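Below is one structure. I have some questions about it.
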Amino acid sequence: MKYIPMFLFTALVSATGLAQTAQDNFKKLNSLQGLWQMTTSRGVLHEEWKTSGNDIMKSQSYRVNNNDTVMMETAELLKKGKDIFYIPTVPNQNQGKPVEFKLTSAQNNEYIFENPEHDFPQRIIYNLKSATETEATIDGSINGQYRKMVYRFSKKQVP
């Protein structure tokens, strides 16, 4: 009977640690705030992140080519309890519905969000290389073939 209180104490400390880790990771992800850009052969790709409360950040990704602006996706980073989710919504994909990717790893400024049930990608990775450089990677399988796309952004504007 004396082991039950120790077990409860250990469970409580573990749960508190997980929640604290989520809060710490979310604070670190706040460094995404601002306007990020990457030049491609199809124009300049922009990703702009803004905070929208203590537990949510929102972004818009769009491409500018000459005077044309094409919306690529919107996304949210959302902290729910001890978990963090990356939730993109892409026009003309997934019937226009958002898809949740759960943060499964956060080490050395690299944040891996996964959804193994999604068609493609199954992983979204943000590697915060510096205050002005970040790398976003999407990867996974399409029809049994591994695919990987890497986006290297530079910060152009801080909020």
Side-chain angles (χ1 to χ4, degrees), residues 11-40 42-64 69-94 96-142 146-159:
L12 180 61
V13 169
S14 296
T16 304
L18 290 173
Q20 185 62 41
T21 299
Q23 187 64 39
D24 291 345
N25 285 332
F26 199 80
K27 284 181 184 177
K28 291 175 185 174
L29 284 164
N30 273 298
S31 65
L32 284 172
Q33 286 186 82
L35 177 62
W36 298 83
Q37 293 180 345
M38 179 179 108
T39 302
T40 72
R42 298 178 65 196
V44 179
L45 185 60
H46 297 79
E47 186 167 290
E48 187 169 12
W49 285 95
K50 296 179 181 180
T51 57
S52 186
N54 290 334
D55 297 337
I56 188 167
M57 291 179 63
K58 295 184 178 188
S59 77
Q60 291 185 338
S61 296
Y62 54 95
R63 184 179 64 238
V64 177
T69 301
V70 178
M71 180 62 68
M72 307 295 287
E73 74 176 30
T74 59
E76 293 181 348
L77 274 172
L78 178 63
K79 185 175 84 62
K80 289 195 263 186
K82 62 180 179 66
D83 295 316
I84 298 174
F85 294 89
Y86 179 89
I87 308 170
T89 303
V90 181
N92 303 318
Q93 289 184 20
N94 306 303
K97 295 179 182 173
V99 178
E100 288 189 353
F101 291 80
K102 183 179 177 181
L103 181 68
T104 58
S105 176
Q107 296 179 359
N108 302 318
N109 292 321
E110 181 179 79
Y111 299 86
I112 300 174
F113 300 88
E114 295 185 85
N115 181 339
E117 303 302 316
H118 190 250
D119 54 0
F120 182 83
Q122 287 90 42
R123 292 190 325 159
I124 299 171
I125 304 164
Y126 273 86
N127 190 338
L128 309 177
K129 295 195 170 280
S130 73
T132 59
E133 288 183 62
T134 195
E135 188 174 272
T137 303
I138 61 174
D139 71 5
S141 293
I142 302 175
Y146 176 75
R147 300 272 310 218
K148 179 178 181 178
M149 300 168 80
V150 179
Y151 302 90
R152 292 179 179 91
F153 288 99
S154 296
K155 191 175 255 186
K156 297 299 177 189
Q157 184 179 358
V158 178

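Keep in mind that this is a model prediction, so the values were computed, not measured. Worth knowing before you read on, the calculation uses all heavy atoms, side chains too, and leaves out hydrogens, waters and symmetry mates.
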* Audit row: K156, S154, side chain to side chain contact (heavy atoms under 4.5 Å, CB included) steps and yes/no -> CA-CA 6 Å; K156 297 299 177 189; S154 296; 4.1 Å; yes
* Asked: What pair of heavy atoms forms the shortest contact from F120 to D139, and how long is it?
  -> CE1-C, 3.8 Å
* **4.5 Å side-chain heavy-atom contact, K58 and T74** => no
* Asked: When rounded to the nearest 0.5 angstrom, what is the spacing between CG in L35 and OG in S59?
  -> 11.5 Å
* To do: For the pair Y86 and Y126, evaluate ring pair (Phe, Tyr, Trp, His ring centres under 6.0 Å) and give the outcome as yes or no after the intermediate values.
  => CA-CA 10 Å; Y86 179 89; Y126 273 86; 5.7 Å; yes
* To do: For residues Q122 and S141, determine if any side-chain heavy atom of one lies less than 4.5 Å from a side-chain heavy atom of the other.
  => yes
* Measure the spacing between OG1 of T21 and CG of D83 and express it to the nearest 0.5 Å. => 11.5 Å
* To do: Taking K155 for its side chain and Q33 for its backbone only, find out whether a donor-acceptor pair lies under 3.5 Å.
  => yes
* Evaluate the side-chain proximity of I138 to Y151: yes if any heavy-atom separation is below 4.5 Å, no if none is. => yes
* Asked: Side-chain contact, heavy-atom cut-off 4.5 Å: N108 with E110?
  -> no
* Structure fact -> Heavy-atom nearest pair, Q23 first then K79, reads OE1-CE, 2.7 Å
* Shortest non-hydrogen separation from S31 to L128 and the atoms involved -> OG-CD1, 3.5 Å
* Any chance you could measure E76, atom CD, to M57, atom CE, to the nearest 0.5 Å? => 11.5 Å
* To do: Decide yes or no for H118 and N94: does some side-chain heavy atom of the first lie under 4.5 Å from some side-chain heavy atom of the second?
  => yes
* Structure fact -> Rounding to 0.5 Å, atoms CZ (F101) and CD1 (I125) come to a distance of 11.5 Å
* To do: Report yes or no: does T134 contribute a side-chain atom to a donor-acceptor pair with the main-chain N or O of N127 at less than 3.5 Å?
  => yes
* List the steps and the verdict of side chain to side chain contact (heavy atoms under 4.5 Å, CB included) for R152 and E133. => CA-CA 7 Å; R152 292 179 179 91; E133 288 183 62; over 6 Å; no
* Which atom of A106 lies closest to which atom of L103, heavy atoms considered -> CB-CD2, 4.3 Å
* **Considering all heavy atoms, the nearest L77-F113 contact** => CD2-CZ, 3.6 Å
* Atom pair NE2 (H46) and OG1 (T69), whose distance is rounded to the nearest 0.5 Å -> 8.0 Å
* Does CD belonging to E135 count more than 12 external heavy atoms closer than 6.0 Å? -> yes
* Value rounded to 0.5 Å, distance of OG1 in T137 from CZ in R123 -> 8.5 Å
* Quick one: closest heavy-atom pair of G81 and A22, and the distance? => O-CB, 4.0 Å
